[in-house]
Amino acid sequence: MKRIEILAPCGGFESVIAAVRSGADAVYLGAKEFSARAGAENFDGEELKKAVDYCHIRKVLVYLTINTIVFDKEIENVKNLLISAAKAGVDALIVQNMGLAMLAKEIAPELPLHASTQMSVHSPSGAKLLWEQGFKRVVLARELSRAEIKEIAESCPIEIEVFVHGALCMSVSGQCYFSAVIGSRSGNRGRCAQTCRLPFCIGKSRYALSLKDNSIIDYIRDLESIGVTSAKIEGRLKRPEYVAAAVKACVESRDNGFADEKTKDNLEKVFSRTGFTDGYYTSKRGYEMFGYRRKDDVVSANEALFKEIRNSYKDELKRVDLKAGFFAEVGKNAVLNVTDGVNTVEVKSGESCEKAEKSPLNDEKVRRQLLKTGSTPYNISELKITLDGEAVLPMSELNRLRRDALTLLSEKRSQTRIYNINEVKLPEIVPHKAEKKLSYGRFSSTKIGVGFKDFDLCFIPIDSDLSEVKRLKSEGFKIGIEIPRALFSRESVVIKNLGEFKKLGIEDVLCNNLAAVYIAKELSLKIHGGFGLNFTNTLDLKWAEKFGFTDTEMSLEITLKDAKMLGGDIPRGIMCCGYIPVMLTRNCPNKSAGIKCGDCKKSGKMKDRLNKSFIFYCDGYATEVLNTLPVEEINAVKESENIDLAVFRFSVENSVENVENIRDFISQSLNSTKKTHGLLKRGVL
């Protein structure tokens with residue numbers, strides 16, 4: 001069984017040093033652009049190469065994150081970053097969207113791809129799709145239990161990466177639009193304003209969206225046993241001392257079966273929110289998982305503690321074992337050769353060895369000088385010395401030979417990744433023209449007013465009663481099925497239900513995640529992409545077209561202006577009416593107030609600091625939190641010559657049951673005084 005990798009977050013070069021010297025096997029970091037932690041120091045081209053060289057010399061891998069949504073106007077910059085990453089020799093790219101992945105494979109086919117947790121993969125089918133699309137690894141959603149992780153690991157050969165320590169977003173990564181909707185700061189662009197850490201009240205609970213930090217460090221060997229490749233630490237925005245403390249705890253847990261209590265105590269003092277939680281991994285989701293940063297948590301992280309941690313990584317770890325050979329003979333240049341098993345270097349003395357008058361070189365003298373690897377990551381574990389018994393060489397020359405040999409070896413070790421880079425010319429983007437205007441509706445039940453018969457498709461829930469579906473079809477509704485955005489532990493049920501609907505002649509499915517896309521294709525159903533796929537650029541659309549989508553909805557975070565300019569041939573749509581789901585959560589906000597499942601009628605309401613109410617509802621597997629006001633941009637979307645689909649999303653509206661005429665419904669909706677443009681006009685940062 002392969003030893004699990006300890007993967008550390010690095011927001012700047014000081015964190016790289018802290019991670020490597022504390023024992024990390026790999027680090028992940030971001031460039032100045034397109035990083036899901038835009039607030040970190042991050043790395044420009046020169047700094048990236050410096051970090052890669054530093055790590056490769058020390059037998060540490062480097063993964064570069066390009067894990068944000070990307071707009072068409074940024075594609076040229078992304079292309080340049082991909083080339084820069086390949087030239088720097090990074091060991092893998094962590095990417096968020098399929099269009100970028102497709103571009104990366106064109107530019108550097110040999111450069112491994114890792115799927116970011118921003119892709120929201122949380123079930124076997126999502127992992128299978130990525131594996132078949134050429135990804136080497138997937139970073140799973142944080143919300144998974146041990147059993148769910150194990151199921152995914154066993155489903156296909158793709159490597160599995162799991163977060164073992166750090167902050168827990170309330171929302172499934174990649175499915176949070178809260179910060180964007182409130183202030184245009186998109187979490188999917190690395191600019192999250194941490195809205196979930198603000199007060200949201202339910203009863204006596206003041207922090208209904210704030211979870212304690214995740215910590216499953218104690219389970220690292222267990223993760224290794226179920227097939228997890230990498231144990232990932234969250235925290236690119238945190239200081240180097242945090243990185244060092246977290247890496248040390250993870251290394252101890254993996255190597256010894258447990259982390260020392262002092263190590264764990266230091267880690268908690270460096271940063272916590274009233275302690276840690278393992279609730280997702282152990283399937284103990286509830287009140288105990290909630291927590292927020294209190295005064296005592298801040299006070300515990302004092303300068304004395306930081307100094308103690310800094311001292312723990314002030315010296316190099318001897319991470320690389322070497323074999324060396326030294327030869328000295330009168331009248332010949334002394335020779336030192338060094339190898340790490342792959343790379344070999346040889347250096348010679350500047351002049352030939354003279355005959356000693358008093359004290360010739362001996363094994364002890366030579367060994368003492370050559371084994372002084374000092375402030376390097378090298379340990380000469382095997383040294384073979386060949387002397388003629390008469391040669392002499394100044395100690396300064398012996399020291400120079402050692403220094404020069406190790407320097408040359410470091411230069412070779414820094415060149416461990418050399419990729420073939422293809423010249424790729426980006427195609428000119430010609431805005432798409434809609435050939436046919438369609439209206440799609442997404443409904444939360446089968447209670448649909450007769451007026452919606454005019455819709456080209458009405459998507460209903462996966463758990464809809466078959467008799468109700470038959471009724472709707474017999475009444476003339478054009479029915480499709482929505483595969484849930486959250487598929488936790490229910491893929492088999494979803495597949496079974498889709499089979500039953502297919503027997504009724506239903507072939508259209510709404511897919512908001514990659515797993516749903518894979519399932520639909522396997523069942524030969526028509527794939528209609530949803531907003532949860534976060535398509536924002538022409539490359540995304542071209543990938544969807546190539547994969548076999550019938551059409552797709554664009555991300556909630558794209559402006560109507562930008563959407564109109566996208567190229568590609570696949571029909572595309574915009575949500576023009578409905579409440580934006582600002583969060584998709586697995587732990588229900590009601591549980592922060594101690595409300596148990598079954599006592600809440602699968603819904604709830606919370607208030608923010610401005611006394612605005614946010615409704616949320618649950619389908620038994622996950623909870624959607626809705627914005628306070630609905631989007632209403634029906635005419636703007638319908639009148640655009642570049643947008644094919646007007647998408648209506650109904651979640652909690654009761655009025656849809658009584659709609660007799662869609663024109664009247666639209667007219668009444670547009671006269672509403674309480675509405676929002678969503679992000680269709682102002683967009684995101």
Fit a plane to each ring of F443 and F455, take the angle between them on a 0 to 90° scale, and name the class: parallel (under 30°), tilted (30 to 60°) or perpendicular (over 60°).
tilted
Taking everything shown except R206 itself, do over 12 heavy atoms lie less than 6.0 Å from its CZ?
no
Sequence-distant partners of D551, salt bridge (Lys or Arg N to Asp or Glu O under 4.0 Å), two or more places apart:
none
Check the pair F547, Y518 against ring pair (Phe, Tyr, Trp, His ring centres under 6.0 Å), reporting the backbone distance first and the verdict last.
CA-CA 10 Å; F547 194 87; Y518 184 86; 7.9 Å; no
Partner residues of S184 under the side chain to side chain donor-acceptor pair (under 3.5 Å) criterion, sequence neighbours left out:
R682
Quick check with a 6.0 Å cut-off and a 45 degree axis cone: is K607 positioned over the face of F614's six-membered ring?
no
Would a line drawn from the ring center of F135 to the ring center of W131 be shorter than 6.0 Å?
no
Any side-chain donor paired with an acceptor under 3.5 Å for Y177 and E557?
no
Are R572 and E553 close enough for a salt bridge, meaning some N to O gap below 4.0 Å?
no
Is it true that a side-chain atom of R649 and a backbone atom of G578 form a donor plus acceptor pair closer than 3.5 Å?
no
Between R273 and D213, does any NZ, NE, NH1 or NH2 come within less than 4.0 Å of an OD or OE carboxylate oxygen?
yes
In terms of relative ring orientation, are Y207 and Y292 parallel, tilted or perpendicular, with 30° and 60° separating the classes?
parallel
Check: D456 side chain, S439 main-chain N or O, donor-acceptor pair, under 3.5 Å
yes
Any donor-acceptor pair under 3.5 Å linking the side chain of N422 with the backbone of V424?
no
Distance alone, cut at 3.5 Å: any donor-acceptor contact between the side chains of H122 and N513?
no
Answer yes or no: does atom NZ of K526 have more than 12 heavy-atom neighbours from other residues, nucleotides or ligands under 6.0 Å?
no
Taking only Lys NZ, Arg NE, NH1 and NH2, and the carboxylate oxygens of Asp or Glu, determine whether K521 and E132 approach each other closer than 4.0 Å.
no
For K87, what residues pass the salt bridge (Lys or Arg N to Asp or Glu O under 4.0 Å) criterion, not counting sequence neighbours?
none
Please determine whether a side-chain nitrogen of the Lys or Arg among K675 and E633 lies less than 4.0 Å from a carboxylate oxygen of the Asp or Glu.
no
What class does the angle between the rings of F271 and Y242 fall in, given that below 30° is parallel, 30 to 60° is tilted and above 60° is perpendicular?
perpendicular
Under the rule for ring pair (Phe, Tyr, Trp, His ring centres under 6.0 Å), what residues qualify as partners of H528, not counting sequence neighbours?
Y440, F459
Which side-chain N or O atoms in residues 96-106 pair as donor and acceptor under 3.5 Å with protein atoms at least two apart or in another chain?
from : atom 1 : to   : atom 2 : distance (Å)
N97  : OD1    : L100 : N      : 2.8
N97  : ND2    : T68  : O      : 3.2

Side chains of S35 and R236: do they bring a donor and an acceptor to under 3.5 Å?
yes
Test side-chain contact (heavy atoms from CB on, under 4.5 Å) applied to V625 and V582, I615, I580, the passing residue:
V582
Pairs in or reaching into residues 428-438: which pass salt bridge (charged side-chain N to carboxylate O under 4.0 Å, His left out), with residues at least two apart or in two chains?
K433-E641
Report the C-alpha distance between F200 and F616 in whole Å, list the side-chain angles of each, state the deciding distance to 0.1 Å, and finish with yes or no for ring pair (Phe, Tyr, Trp, His ring centres under 6.0 Å).
CA-CA 13 Å; F200 286 89; F616 52 90; over 10 Å; no
Using modelled atom types and a 3.5 Å cut-off, is there a donor and acceptor pairing between side-chain atoms of R485 and backbone atoms of L584?
no
Would you please test N77 and N80 for side chain to side chain donor-acceptor pair (under 3.5 Å) and show each step?
CA-CA 5 Å; N77 288 348; N80 293 334; 4.5 Å; no
F163 backbone acceptor or donor facing N214 side chain under 3.5 Å
yes
At what distance, to the nearest 0.5 angstrom, does CG of L556 lie from CG of N534?
7.5 Å
Spacing of CG belonging to L129 relative to CG belonging to L514, to within rounding of 0.5 Å
5.5 Å
Answer yes or no: is there a donor N or O on one side and an acceptor on the other, between the side chain of T585 and the main chain of S171, under 3.5 Å?
no
Would the distance check show the side chain of D540 and the main-chain N or O of T536 forming a donor-acceptor pair, the cut-off being under 3.5 Å?
yes
Sidechain-backbone polar pair: N642 side chain, A434 backbone, donor-acceptor under 3.5 Å
no
Any sub-3.5 Å donor-acceptor pair from E234's side-chain atoms to A167's backbone N or O?
yes
Would you find a donor on one side and an acceptor on the other, under 3.5 Å apart, between the side chain of T65 and the backbone of L29?
yes
